[in-house]
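Data block below; observations after.
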Amino acid sequence: MVVMSGEQDGIRFRRAQSVTRAEEIQAVEQKVRKSQPDRPIHKPRDSLLSWNSGFEKFTGFVNWAFLLLSIGGLRLLLENFIKYGIRVDPVQWFYILTGQDEQGSEHPSIVLILYSIVPIIFCLLTEKALAIEIISSALGMTMHVVNLLVLIFLPMVIIHYKDGFSLIGASTVTTLYSILFLKLWSYVQVNVWCRNARQNTSNKSLRRQSLSYNNLPKEDDNNLHHKESKDDLSNTEKLLVQYPDNLTLRDLFYFLCAPTLCYELNFPRTERIRKRFLLKRIFEVVAGTQLILCIFQQYMIPSVKNSLIPFSNMDITLATERLLKLSIPNHLAWLCMFYILFNSWLNLLGEVLHFADRSFYSDWWNANNIDTFWRTWNLPVHRWALRHLYLPLVEVGYNKAIAATTVFFISAFFHEYMVSVPLKTYKIWAFMGMMAQIPLSNISKFMERNYGGRMGNIVVWASLIIGQPMCIMMYYHDYVITHYGQSLIADYGHV
């Protein structure tokens with residue numbers, strides 16, 4: 001048994017040779033082989049397309065894929081024109097955007113947009129009252145909570161019971177009120193931090209006043225240098241806005257217009273407006289918006305309408321075909337919207353407002369799992385969730401899993417809010433789609449861990465390409481059932 005153990009130990013020892021030693025043996029062997037008269041040309045190496053090759057230059061495949069997608073898109077373009085002709089109609093865009101196709105001179109969306117000034121002013125007045133201690137902290141926070149709840153639920157009630165809202169108008173209102181909710185939440189929380197810091201500073205200054213003159217440090221050269229450094233820091237601080245001097249309408253409205261959801265007393269600023277850069281962003285916004293409207297009108301609307309009957313009849317094969325057909329123009333429109341919103345529009349706002357932080361997104365297209373995608377594709381929302389929701393929950397004692405689930409829950413609520421309220425179709429598909437990101441995250445991490453980052457990235461892209469058109473088809477079906485009944489589906493079936 002001892003001998004066998006020793007042999008096993010010897011075997012293990014020989015197997016435990018380092019990679020460097022193995023490479024030396026191969027190098028010596030290869031040198032000997034090269035000296036042979038048969039002129040050897042073979043050596044140990046992997047195929048380029050194998051996972052272990054380490055080969056990463058796939059530019060040709062990228063060009064091939066782009067060309068193939070272009071040919072497929074051209075075929076879809078011709079098929080669309082043959083079936084439906086040219087459906088792009090700027091006049092119809094105007095009617096839909098203004099809501100004149102649904103109501104006469106009434107514009108309740110504009111009234112709600114103008115009313116949004118009321119909760120803004122109320123929030124500022126409450127903060128001023130808290131700063132000069134007219135009201136207690138508990139009462140002030142209660143007023144803020146009520147104000148934010150009214151802000152987010154008022155559009156839901158009015159849009160549901162008031163007629164005359166166009167789809168675009170109602171979507172604009174819900175988007176605006178959602179952004180205001182997040183911004184005012186940040187504004188209130190930052191001012192709470194500033195009040196707490198001011199109280200702590202005042203308490204420390206009172207303790208400092210109890211020191212006697214004999215306990216103060218003598219002014220030698222080191223102390224003089226330290227004092228000069230503190231004076232420079234103090235002069236710099238004087239140039240910055242300090243609490244409660246930030247509680248002005250000018251400061252608040254600048255934050256509300258700035259391309260960020262996180263409030264600061266002193267934002268980084270640029271020195272000038274680059275006119276050429278600004279003109280490029282304006283052109284991208286105008287041209288890109290027209291392109292998205294064309295994709296909607298020419299491609300997506302016919303595909304969505306054609307999906308109604310197969311989806312209603314649960315014809316899995318035909319519904320899947322409609323889903324895949326819708327996924328291409330939908331994904332193209334989504335990519336265009338991402339670029340226009342995060343690169344063109346937010347940069348345009350930042351340039352006009354001299355806002356220096358232009359990091360609105362990261363390389364989400366390289367994300368190897370769902371968590372990385374949500375952390376990189378929308379940095380303003382990610383920073384808000386991290387700063388004002390995730391970290392505060394962790395600091396008060398909740399574990400990271402509960403904090404992350406809460407972030408997804410709030411995000412799911414707002415996704416559902418901005419879809420169901422304008423459609424007046426109160427389902428939970430968008431909510432469930434966002435909450436499904438949690439198990440999907442585990443799947444993508446499993447694929448990344450066991451099959452490499454490339455497979456995790458494929459899971460991310462597949463969820464984006466397939467998930468969105470499926471949600472669109474479900475909401476369109478429920479919208480038709482809710483507002484037009486089964487009769488319209490029957491009419492579609494006879495066409």
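In this text the structure is predicted, and so the values were computed from the model without any measurement.
Remark: the backbone N or O of Gly433 is paired with a side-chain donor or acceptor of Gln437 at under 3.5 angstrom. Panel note: side chain Ser463, backbone Val460; a donor-acceptor pair is recorded below 3.5 Å. Side chain of Ser420 to backbone of Thr425: a donor-acceptor contact under 3.5 angstrom is found. Of the possible polar contacts, one joining the Tyr475 side chain to the Ala430 backbone as a donor-acceptor pair under 3.5 Å is found. A donor-acceptor contact shorter than 3.5 Å is absent between the side chain of Glu448 and the backbone of Asn369. No donor-acceptor pair under 3.5 Å is formed between the side chain of Lys427 and the backbone N or O of Glu416. Between the side chain of Lys445 and the backbone N or O of Ile370, no donor-acceptor pair lies under 3.5 Å. Side-chain atoms of Asn196 come within 3.5 Å of backbone N or O of Val192 as a donor-acceptor pair. A donor-acceptor pair under 3.5 Å is absent between the side-chain atoms of Thr372 and the main chain of Asn368, judged by distance alone.
The aromatic rings of Trp377 and Phe373 sit parallel, their planes meeting at an angle under 30°, below the 60° perpendicular limit.
Taken from SG in Cys336 to CD1 in Ile292, the straight-line distance is 5.5 Å, to the nearest 0.5 Å. How far CG of Asn378 is from OG of Ser362: 12.0 Å, rounded to the nearest 0.5 Å. Note that the CG atom of Leu148 and the CZ atom of Phe153 stand 11.0 Å from one another [nearest 0.5 Å]. Note that CG of Leu389 and CD of Gln189 are 8.5 Å apart. Values are rounded to the nearest 0.5 Å. For the atom pair CG of Leu176 and CG of Leu112, the computed distance is 9.5 Å after rounding to the nearest 0.5 Å. Atom-to-atom distance recorded for Ile438:CD1 and Ile443:CD1 is 12.5 Å, nearest 0.5 angstrom.
Under the ring pair (Phe, Tyr, Trp, His ring centres under 6.0 Å) test applied with Tyr187, the options Phe181, Tyr263, Tyr254, Phe253 reduce to a single match, Tyr263. The only member of Arg383, Glu264, His388 that meets side-chain hydrogen bond (donor to acceptor under 3.5 Å, both in side chains) when paired with Ser186 is His388.
Residues satisfying the ring pair (Phe, Tyr, Trp, His ring centres under 6.0 Å) criterion with Phe277, sequence neighbours excluded, are absent altogether. For Cys194, the side chain to side chain contact (heavy atoms under 4.5 Å, CB included) criterion is met by Val190, Tyr243, Leu265, not counting sequence neighbours. In this view, Pro119 and Tyr115, Asn147, Leu151 satisfy the side chain to side chain contact (heavy atoms under 4.5 Å, CB included) rule, not counting sequence neighbours.
In plain terms, the two heavy atoms of Pro329 and Ile295 that are nearest each other are O-CG2, 3.6 Å. In terms of heavy atoms, Phe414 sits closest to Ser178 at CD2-OG, 3.6 Å. Counting all heavy atoms, side chain and backbone alike, Ser444 lies closest to Val459 at CB-CG1, 4.0 Å. In terms of heavy-atom proximity, Pro155 sits nearest to Ile152 at CD-O, 3.8 Å. Summarising the geometry of Phe413 relative to Phe431, their closest heavy-atom pair is N-CD1, 3.8 Å, with the distance given to 0.1 Å. Between Leu184 and Cys123 the shortest heavy-atom distance is CD2-SG, 4.0 Å.
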Next item on the list: Report the C-alpha separation of Asn457 and Trp365 in whole Å, then their side-chain angles, then the decisive distance to 0.1 Å, and conclude whether the side chain to side chain contact (heavy atoms under 4.5 Å, CB included) test is met.
Entry: CA-CA 8 Å; Asn457 183 255; Trp365 46 87; over 6 Å; no

Show the atom names and distances, to 0.1 Å, of all donor-acceptor pairs under 3.5 Å that link a side chain in residues 396-412 to residues at least two apart or in another chain.
unit_1	atom_1	unit_2	atom_2	d
Asn399	OD1	Ala401	N	3.2
Asn399	OD1	Ile402	N	2.8
Thr405	OG1	Ala401	O	2.8
Thr406	OG1	Ile402	O	2.8
Ser411	OG	His415	ND1	3.4

Could you pull out every donor-acceptor pair under 3.5 Å between side chains of residues 346-358 and any protein atom, sequence neighbours left out?
unit_1	atom_1	unit_2	atom_2	d
Asn347	OD1	Arg358	NH1	3.4
Asn347	ND2	Asn343	O	2.7
Glu351	OE1	Arg274	NH2	3.0
Glu351	OE1	Arg358	NH1	3.0
Glu351	OE1	Arg358	NH2	2.9
Glu351	OE2	Arg274	N	2.7
Glu351	OE2	Arg274	NE	3.1
His354	ND1	Thr270	O	3.2
Asp357	OD1	Ser359	N	3.2
Arg358	NE	Phe355	O	2.6
Arg358	NH2	Gly350	O	3.2
Arg358	NH2	Phe355	O	3.2

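Looking only at side-chain heavy atoms (C-beta outward), Val188 and Met141 come within less than 4.5 Å of each other. You'll find the side chain of Tyr177 stays beyond 4.5 Å of the side chain of Val421, heavy atoms only. For the pair His331/Trp461, a side-chain contact is recorded, criterion being any heavy-atom separation below 4.5 Å from C-beta on. Proximity of Ile179 to Lys183: side-chain heavy atoms (C-beta onward) are separated by under 4.5 Å at one or more points.
More than 12 heavy-atom neighbours from other residues, nucleotides or ligands sit within 6.0 angstrom of CH2 on Trp384. Taking a 6.0 Å sphere around CZ of Phe283, one finds it holds 12 or fewer heavy atoms contributed by other residues, nucleotides or ligands. Remark: Trp374 CH2 is packed, more than 12 non-hydrogen atoms of other residues, nucleotides or ligands lying under 6.0 Å away. Annotation for Arg272: atom CZ does not count as buried by contact number, only 12 or fewer foreign heavy atoms lying within 6.0 Å.
Pairs passing the salt bridge (Lys or Arg N to Asp or Glu O under 4.0 Å) check and including a residue from residues 275-292, sequence neighbours excluded, read Arg281-Glu284.
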